Structures are given as structure tokens and as C-alpha cells.
Amino acid sequence: MPELPEVETVRAGLATWVAGRRIERVEVRHPRAIRRHAPGAEHFAAALVGRTIVGARRRGKYLWLPLDGPGEPGDAILAHLGMSGQLLVQPPEEPDEKHLRVRLGFADAGTELRFVDQRTFGGLSLAAGGAELPAEIVHIARDPVDPAFDDEAFVAALRRRRTGIKRALLDQSLISGVGNIYADEALWRARLHWARATDTMTRPVARALLADVRAVLGDALRAGGTSFDALYVDVNGESGYFARSLDVYGRDGEPCHRCGTPIRREPFMNRSSYRCPHCQPRPRQPRP
DNA sequence: CGAGTACCCTGTTGGC
DNA sequence: TGCCAACAGGGTACTC
């Protein structure tokens, strides 16, 4: 699933392959992909024609493409990949993908940008304020890769919460970019159980966890960057990284890379958590 | 307001 | 072999 490293890989690809290009044609193949754009799909399409994409930015799992040209200054195409979304740069003659939702054609006809999404949890919209931060995502916290991320403010906010640590890591208004996979990986590195009460975490423990979150995101980012292909901007970070580097996620029954104890999968928030029962024992006062 | 839950969606997998 | 439940799970709307 696309989390921060995968979205950043996509962002870098878009910066290379679509920044500076003028949009000439917009085709919305599935209105659900534009559902977060209140004025509707036709408005979305019409508003983009003639605009030039001037960059590619990201916060957490959101990315946006600031626009220049006719229309409102500061507009941007805002995108979230959801669980299965891809932004692909393809030659026009390439056959349509089965789950093609939106196609952007450019004035220079070399390649087109396609939004493909099987499960349609992702989507595009036209957002205002995109030069800095689209208004729709002001509630999304900075991510830990952001140079302006405030470590001590995060540690303080975390310790004020009355919840379990994994819930807190997944709360995009507290820290963004971390999803189920990297939350489990960071907690394993930090030897913390997902139900550890945030208000029992000391500052050093919280700081160490943040360092592990950064480390696992950084490792994944480097792995994701290597599998990037010029004409295929996607979430391939998964294939390179997942196969080699995951320590707990998806490894139910397999030995812990530290102690050999079988990794265990358990239900958590209608999904799954993976942990080492030995390295990450259940706390005395767990929180859900 | 903070915390926690239901729901959206479709393809794949596994049990019977 | 075919059917159905479980699963994948981020974000938002909603309740308490």
C-alpha cells in the first residue's frame, strides 16, 4: 500500500516527467475518482485545460501538482492514492489499463498522465492554496521527513494522548505518512507493543521511536527509489523493499530477525498487526 | 474536543 | 469445482 516512501517515489517521478508541461485534454473515466472535487468531474476537467503543471509536492501520503496559467493562482491538482492508486506516465498508444480512472493529455504529446485505481479509495481534485498547502489538507500534520517537522512538539503531543501507540502513529493529524506497514516495522525496531499507552512513554522512549520511524521510512525510500522507471511512475517501491527488508509485516509464523521467535499476526482496528511476542511483549496497561 | 467505530471499494485467497 | 467469507486498509463522517 502506498505510504510515505511510495508516494515520495511517485512525487519525484512526477517532478521529472510532468512538471513544466501544459495540460491540453482531460478525460474522467470514472466519477468516483473525482468525488472529493465538489463541483464535479466536468468542472474538474474544464478547469485544468490550458494550465501548466509547475511542480510536484507532497505532505504525508498526499501529493499535489501546483498549476500556472489561466484560472485561480495557487490552484493545484491534489491527489491521494488510497490503497491501490497509481499515477502512470505512459505513451498515448499504450493500451488503457483495466482500472484507468483519469487521463491527462499534454500539449507536447510525448506521454500522458494516467490515474489508475482498482479499489477507488484514492482520487483527484482541484484544490486552492496549492502553492504552499492545499486548504483541504491543512489538518494533515507534517511528516517526519519534512525539515520543518518539530520533534519535541511531536513528543509532547504524543505523551498528551490517551491511546495506544499504534493508533497514534496512524493518526495523520499527529504525524503523517505512516501507515499500517511502516507503523508495525517502526514498532518492531523500537521493541514496542502496539497497545503501549502513549501517556506512559517517557520522552527518551518517544524520541527513540521517532528515530526508528525515520529510519524505516528512509530505508524504504532508498529501496523505492531504485526501482523507479522513466515511463512508469508507480508504487514499485513495494516490490524492491517488501521482498528484502520487512522485519514483521506479513511475516506471520516466520522467525523474528532478532530473536527467532515466530512473528504473530493479530487483529487490530479491523486490519492486522504483526509483532514479535518476545521483543514486543504486551504492556501491563494496554490501550486499544 | 478527544477517542473510537462504521463504511467506502474490488480483486484475491482459502475453507468447505 | 463453486460458493462465500475474510482480507487488504486510508480517510472521513459519525457517535459517544
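Proteins get letters first, then strands, A, B, ... in listed order; numbering begins at 1 in each. Here the structure is a predicted model, which means the values were calculated and not measured.
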Below 4.0 angstrom from OP1 or OP2 of B/dC1, is there any side-chain N or O of A/R160? no
Examine A/R59 relative to A/W64 and say whether NZ or CZ is less than 6.0 Å from the centre of the six-membered ring and inside a 45° cone about the ring axis. no
Report yes or no: does A/R58 contribute a side-chain atom to a donor-acceptor pair with the main-chain N or O of A/G60 at less than 3.5 Å? yes
For a quick check of understanding: with a heavy-atom distance under 4.0 Å over all strands, which category does A/R161 fall into, base, sugar-phosphate or nothing? sugar-phosphate
Ignoring hydrogens and angles, are the base of C/dG10 and the side chain of A/R119 linked by a donor-acceptor pair under 3.5 Å? no
Kindly confirm or rule out a cation-pi arrangement of A/R282 over A/W194, judged by NZ or CZ under 6.0 Å from the six-membered ring centre and within 45° of its axis? yes
Counting the atoms with a prime plus P, OP1 and OP2 as sugar-phosphate, which does A/Y62 contact under 4.0 Å by heavy atoms, base, sugar-phosphate, or nothing? sugar-phosphate
Closest-nucleotide ordering on DNA chain B, the 5'-leading residue of A/R271 and A/R162: A/R162
Tell me whether the OP1 or OP2 atom of C/dG11 has a side-chain N or O from A/H80 closer than 4.0 Å. yes
What's A/H139 touching, base or sugar-phosphate or nothing? Going by heavy atoms closer than 4.0 Å. sugar-phosphate
Under 4.0 angstrom, heavy atoms only, what part of the nucleic acid is A/R36 near: base, sugar-phosphate, or nothing? sugar-phosphate
Measure from the side-chain heavy atoms of A/R265 and tell me the nearest of B/dG11, C/dC7, C/dG11. C/dC7
Taking only the side-chain nitrogens and oxygens of A/Q172, find out if one of them lies under 4.0 Å from OP1 or OP2 of C/dG11. yes
5′-ward residue of the pair A/I137/A/F121 relative to DNA chain C: A/F121
Does B/dC9 have OP1 or OP2 sitting under 4.0 Å from an N or O in the side chain of A/S84? no
When all nucleic acid strands are considered with a 4.0 Å heavy-atom cut-off, which category describes A/S272: base, sugar-phosphate, or nothing? sugar-phosphate
Tell me whether the NZ or CZ atom of A/R142 lies within the 45° cone about the ring axis of A/F149 and under 6.0 Å from its centre. no
What's the closest nucleotide to the side chain of A/Q118 if the choices are B/dT10, C/dG10, B/dA6? B/dT10
Between C1' of C/dG10 and NZ of A/K61, the distance in whole Å: 6 Å
Quiz question: by atom type and distance under 3.5 Å, do the side chains of A/Q86 and A/E97 form a donor-acceptor pair? no
Within this structure, what is the CG-to-P distance between A/N180 and C/dG11, rounded to whole angstrom? 12 Å
With a non-hydrogen cut-off below 4.0 angstrom, is A/R35 in contact with a base, only sugar-phosphate, or nothing? nothing
